[in-house]
2 protein chains.
Amino acid sequence: MSTVGKALSLLNLVASLSEDTGLSEIARLAVLDKATARRMLVDLEAHGFIEQDKATKRYRIGAAPVRLARIREARFPFLRTAIPVVKALNEETEETCHLSEFSGHELWTVHVETSPRANRVIVDVGSCYPLHATASGLALLAFLPEEQREAFLAQPLKAFTPHTVTDPEALRARINETRARGTSVSRNGLEPGVISTAAPVLSPDGLPVGTISIAAPEVRVDDARLAELNSAAQAAASRLSAALYGLDIRQKR
Amino acid sequence: MSTVGKALSLLNLVASLSEDTGLSEIARLAVLDKATARRMLVDLEAHGFIEQDKATKRYRIGAAPVRLARIREARFPFLRTAIPVVKALNEETEETCHLSEFSGHELWTVHVETSPRANRVIVDVGSCYPLHATASGLALLAFLPEEQREAFLAQPLKAFTPHTVTDPEALRARINETRARGTSVSRNGLEPGVISTAAPVLSPDGLPVGTISIAAPEVRVDDARLAELNSAAQAAASRLSAALYGLDIRQKR
DNA sequence: AATGAAGGTTCACATAATGAACCGATAAGG
DNA sequence: CCTTATCGGTTCATTATGTGAACCTTCATT
């Protein structure tokens, strides 16, 4: 592996440690010679990616990533990164796909790519649907901390169609299913004749920042097709998580 | 210079470019061979620090810094803590206020709150100015350990305006003044017609981790106003130091 | 005083970085 | 339609650079 690659892996390692860590331990964890590890730490420190506590001599993640992250965020906000993913999903599935962002306890539709078919589902940008009646809402609830989820379930929930699930216990079951599978499914939850599936976009701490979902007329979706859409949504959501947060593509020698 | 150091400088360079940039131009700007630059870009890309637009083949800053920045900010909430302080200073003074962070031997602008006035000073987030020509730089130098300060003063220093002080001896005098008073002042050091004042944000060991500064058109600042701005900057910096290190958090081991 | 583990340094050696020259593709100009 | 000048990317002999066993100093523990 290249020296630069090793140094970046070392940086990742140090970042992943929840406490300031000494040279010897870092070298041990990184499976590098002490001298090698130190040289890299010094290089990384000179550029602000690592910092060393002057008193304890231990190392920790530095401030440079914060500076770079601001530049990155200024140029690539959530939307700009997410839209191509949603577009690709739309082209792959030929169904209406939308991206929602979790903000202020609600889930907002921030982008939609509509199906090219004549019979299609329309979703409006800017809309904000109840969490219990949509696939996106379920996907979000499933990955929210228990406390927030229960706070939501404690409210009275409105039924939009005869199929809308409003019973907290029944919802809990569907949420657990969703968490286990990674994607949610909603049949006629909000609008009759519509089936939709969604997957959460997870931040590095495992919390959902939004969802990607697919909505289609029920007549086009049998069990096999539903399984296809499920995995397509999930793949898109993971791709987006990776693109947003730079999940490490590690390559060993 | 070490290969790792070169790669990190290259990363900084790419981050500083406001547009996606091609290999040849990057190599030219970094003063590296094309092959060398490419190998480094590939290494950086494999770890998510750089990304290459698949269509145009051009390179840009990647998402990995965002992930690392979240880790850093979770442990050392510099920005989260600092931004409200800078905002308050901006509201109090109605002048452009900015926060800089000392990282990798340089002082980087990490947050700016711009003056509401029509005639105002603009400072860019991500910029990195020479220490001897700015108020922030002087404030930093004044509280740096002697050794680091002298290492800086030993370099040849560039003049940006006829007013830029570049003589090491004269700078030492201004630095001592700054240390005695606690705040620095720079008149036309970098940009004609601009006066700025800065105060260091000190860590518990007395070393500067950054600066808070105010920049204003000279026409608005007489001696009385300057004294006001001085003490406002100093108050903001101490408030930030206290917020960052005061009372609780910061547990040494 | 002896021990062991820490951070850090040294230097002969081996490996990984380097860069001139190259390729194929694309675009502009005569 | 050929020439020229870019571009992104690759190759490989040369050599600069990274490597790590052994070393030093310091510090706490025994």
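In what follows, every chain begins at residue 1, and chains take the letters A, B, ... in the order their sequences are listed. Bear in mind that the values here come from a model prediction, so they are computed numbers and not experimental data.
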Do [X] and [Y] have side-chain heavy atoms sitting under 4.5 Å apart?
| X | Y | result |
| --- | --- | --- |
| P208(B) | F102(B) | no |
| N12(A) | L68(B) | yes |
| S100(B) | W108(B) | no |
| L41(A) | L10(A) | yes |
| L79(B) | L99(B) | yes |

Notebook entry, point to check: Quick one: salt bridge (charged side-chain N to carboxylate O under 4.0 Å, His left out) partners of E113(B), sequence neighbours excluded?
Noted result: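 E113(B) satisfies salt bridge (charged side-chain N to carboxylate O under 4.0 Å, His left out) with no residue once adjacent residues are dropped.
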Check: Near DNA chain C, under 4.0 Å by heavy atom, which residues of residues 2-17 of chain B?
Finding: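 DNA chain C contact set from residues 2-17 of chain B: T3(B), K6(B).
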When the distance from [atom1] of [X] to [atom2] of [N] is rounded to whole Å, what number comes out?
| X | N | atom1 | atom2 | value |
| --- | --- | --- | --- | --- |
| M1(B) | dG18(D) | CE | P | 11 Å |
| L41(B) | dG8(D) | CG | C1' | 12 Å |
| M40(B) | dG8(D) | CE | P | 18 Å |
| I26(A) | dA5(C) | CD1 | P | 19 Å |

Identify each atom pair where a protein N or O and an N or O of nucleotides 7-9 of chain C are less than 3.5 Å apart, giving names and distance.
| from | atom 1 | to | atom 2 | distance (Å) |
| --- | --- | --- | --- | --- |
| dG7(C) | OP1 | L23(A) | N | 2.8 |
| dG7(C) | OP2 | S24(A) | N | 2.7 |
| dG7(C) | OP2 | S24(A) | OG | 2.4 |
| dG7(C) | N7 | K34(A) | NZ | 3.4 |
| dG8(C) | OP1 | Q52(A) | NE2 | 3.1 |
| dG8(C) | OP2 | Y59(A) | OH | 2.7 |
| dG8(C) | N7 | K34(A) | NZ | 3.2 |
| dG8(C) | O6 | K34(A) | NZ | 2.5 |
| dT9(C) | OP2 | R38(A) | NE | 3.0 |
| dT9(C) | OP2 | R38(A) | NH2 | 2.2 |

Note to self: Using the rule salt bridge (Lys or Arg N to Asp or Glu O under 4.0 Å), only one of R58(A), K57(A), R60(A) pairs with E51(A); which is it?
What the structure shows: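 Exactly one candidate clears the test, R60(A).
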Note to self: It should be established whether R39(B) places a side-chain nitrogen or oxygen under 4.0 Å from OP1 or OP2 of nucleotide dT18(C).
What the structure shows: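 Answer is yes, contact under 4.0 Å.
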Next item on the list: Kindly say if T36(B) contacts the phosphate of dG19(C), meaning a side-chain N or O under 4.0 Å from OP1 or OP2.
Entry: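 Yes, because at least one side-chain N or O of T36(B) sits under 4.0 Å from OP1 or OP2 of dG19(C).
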Next item on the list: Could you label the plane-to-plane angle of the F49(A) and F49(B) rings as parallel, tilted or perpendicular, counting under 30° as parallel and over 60° as perpendicular?
Entry: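 Taking F49(B) first and then F49(A), their aromatic rings stand perpendicular (interplane angle over 60°).
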Check: Of the candidate nucleotides dA6(C), dG20(D), dA17(C), which contains the atom at the shortest distance from the side chain of R28(A)?
Finding: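 Side chain of R28(A) sits closest to dA6(C).
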